[in-house]
Amino acid sequence: MADLARKDADKLDEDEARAELARLADLLAKANTAYHAEDAPFISDAEYDAAKQRNARIEARFPGLKREDSPSEQVGAAPSEAFAKVRHRVKMLSLGNAFDDDDVREFDGRVRSFLGLGPDAPMTYTAEPKIDGLSLNLRYENGLLVEAATRGDGAEGENVTANARTIDDIPQRIDGAPDVLEVRGEVYMSHADFAALNERQTERGGKTFANPRNAAAGSLRQLDSRITAERPLRFFAYAWGEVSEPLADTQMSAIGRLAALGFSTNPLTATVDGPDAMIAHYEMIAEQRATLGYDIDGVVYKVNDLALQERLGFRSTTPRWATAHKFPAELAWTWLDAIDIQVGRTGALSPVARLTPVTVGGVVVSNATLHNEDYIAGRDSNGQEIRGGKDIRVGDWVQVYRAGDVIPKIADVDLDKRPGDAVPYAFPETCPDCGSEAIREPGDAVRRCTGGLICPAQAVEKLKHFVSRAAFDIEGLGAKQVEAFYHDESLPVKEPADIFTLQARDAETIAKLKNRDGWGEKSAANLFAAIDERRRIELNRVIFALGIRHVGENAANLIARHYGDWATFEAAMTEATPGDGAAWDELLNIDGVGAVMATSLVTTFHQERERASIDRLVAELDIQPVEAPSTEGSPVAGKIVVFTGTLEKMTRAEAKATAERLGAKVSGSVSAKTDLVVAGPGAGSKAKKAEELGVEMIDEDGWLALIGEA
DNA sequence: GTGCCTCGAGTTCC
DNA sequence: CTCGAGGCAC
């Protein structure tokens, strides 16, 4: 009986099967509690899946033995699917950062210059503490709370409505609000509540939390909302998402409106005029930091006038009208035990510091990035000394901080504690993984392995990139799995095409897969189904997935939109030669593609080995063409627009942003391809050229009238 | 040629 | 999140 757990599920007799089902039911129940309720799993996901499958297999053989508390009847098994996804109707963006007074002045300067205002024009901002918790979007329809979602990646978060309802600061219903109102704010835990919770957890033998933020995050993400209800979470409202009618004219009065509706708003929120007042408010909050009773990590400034906020708009990931002034990072000293080298997808050799674990800002840090060769030597990319020119050596006593409160870095070295035998770090000149020469191009900061596809480290990283979220995103085939497959000689997946031939390649594949830990027939079938589903895939994802240097998600979109379908794209890459020819010029003419990116693309398609690998992949796929996004109803969609002369009612940057939002392409020079020239006073050569070419020309008012109709 | 701005690549820990 | 580099405007 002792080895029951090891015995093949198909060979158990009836008594053994009954005992084994009981054991598995108990094990899985405990694992569930540990995972969900205590946030401290004691078995791996793979072990969990294996136990579940073993249970299902035995039940299939002895249906009569199926228990009333059978784990196969229980829902919510897969931890990652615990919460439903919610797509935010208005994106939840992050904020840009300011680290010192100069950054704050620069922020103010950027706001003014975008709006075309001088340094003396009045400009009012709000300033409020930046709460260190997790942001939440609350959706109210007709005054009733209908949905609460975490920020997630900004576009999509998790539905935690049941848990949010247990938080006292979050009203279930509100009176006098717009029909649709999304309130945004921060869920946090106070210092006192955090300490009491950890004490309680210790008494119960449960897991304690490293800091209030983790405690708040862990509590909000409980599957059982009764547990969340016992956790003392709080909420400050500071923003909004979708609203059916405007809340107010200014940020400050909108916050007042939220307070009037029954939300907690932070009492240290105030309006301030200009950078000096912003900085003064920051210092006032910094002085109170220790006595607030909850964690804050800085001060947030927002342009107060909502009409100006709208004009300022957004950059790719952050609003132009707000920034976060962060408190200086916490520092800690520890020993540097070793320096390891990692090899990236593009062959970049990145040094990583292995540290004696140390707590920095409530988190235990054991690794820190060392960037590159120069950084270790004590110089930045311009050859300027950093850390007072002190190099970093194995054995050193080093000061660590978390840049942006996230990435561990080394700030300083204590030379007095340097061991006598410490030697300067010798950066490897060959790849630690494949032994190929590692070369640093002149003017480049990184040293790269020249092994290309023959380098196992690069091949694995390329595969990870291939299955990543913005690329193929195959369900059940993440970074960990492809790495395991790569190294499993019985099921080799050495390049992307191998993923798609996995099933067909070998009739025994399923049998082989089953030998892997935690895999059964069902998981294999699921995997193949997920892979097959991804054979139909959009062109932009394919281009990004190829992992060509300098071609990221954004560039891949631009390129896909330009060529439209794979055949056209492939023909263009094959035909183009770096430096000249019509195909090369066409590539360079794509907005956002320059010579470096173009060379990288074209040479990849001309390298025999790379090309063969791409061809093998494409043969397995059904690549969907992409169309330029239709900006319906926009009078300037797809048009090439040039702004020239002095613009009086908007700045150049503003005009460009607006035009692009409406689907127009903004160019700097007038050519036969130009559709429209917007000329302000003082327009010179460009207006003249437009006239010669017969391009339509309008003034600023004409432009505003045109887009006003949009 | 210089100076933004944005993107790409690499990074850690939960 | 940060840094470096590419792309592009001035």
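Chain letters run A, B, ... following the sequence lines, proteins first, then strands; residues in each count from 1.
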For V593(A), report the nucleic acid contact type (base, sugar-phosphate, nothing); a contact means any heavy atom under 4.0 Å.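 It contacts sugar-phosphate atoms only.
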If you only use heavy atoms from C-beta on, which nucleotide in [options] is closest to the side chain of [X]?
| X | options | value |
| --- | --- | --- |
| A445(A) | dC3(C), dG4(C), dC7(B) | dG4(C) |
| S366(A) | dC13(B), dT11(B), dG7(C) | dC13(B) |
| V363(A) | dG8(B), dA9(B), dC14(B) | dC14(B) |

Presence of salt bridge, [Y] and [X], under 4.0 angstrom:
| X | Y | answer |
| --- | --- | --- |
| E483(A) | K464(A) | yes |
| R105(A) | D101(A) | no |
| D340(A) | R354(A) | yes |

Report the distance from atom [atom1] of [X] to atom [atom2] of [N], rounded to the nearest whole Å.
| X | N | atom1 | atom2 | value |
| --- | --- | --- | --- | --- |
| K409(A) | dC1(C) | NZ | C1' | 9 Å |
| Q342(A) | dG10(B) | CD | P | 10 Å |
| L558(A) | dG8(B) | CG | P | 8 Å |
| R402(A) | dT12(B) | CZ | C1' | 8 Å |
| H465(A) | dA9(B) | NE2 | P | 7 Å |

Y375(A) and F427(A): aromatic ring centres closer than 6.0 Å?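 No, the ring of Y375(A) stays outside the 6.0 Å limit from the ring of F427(A), centre to centre.
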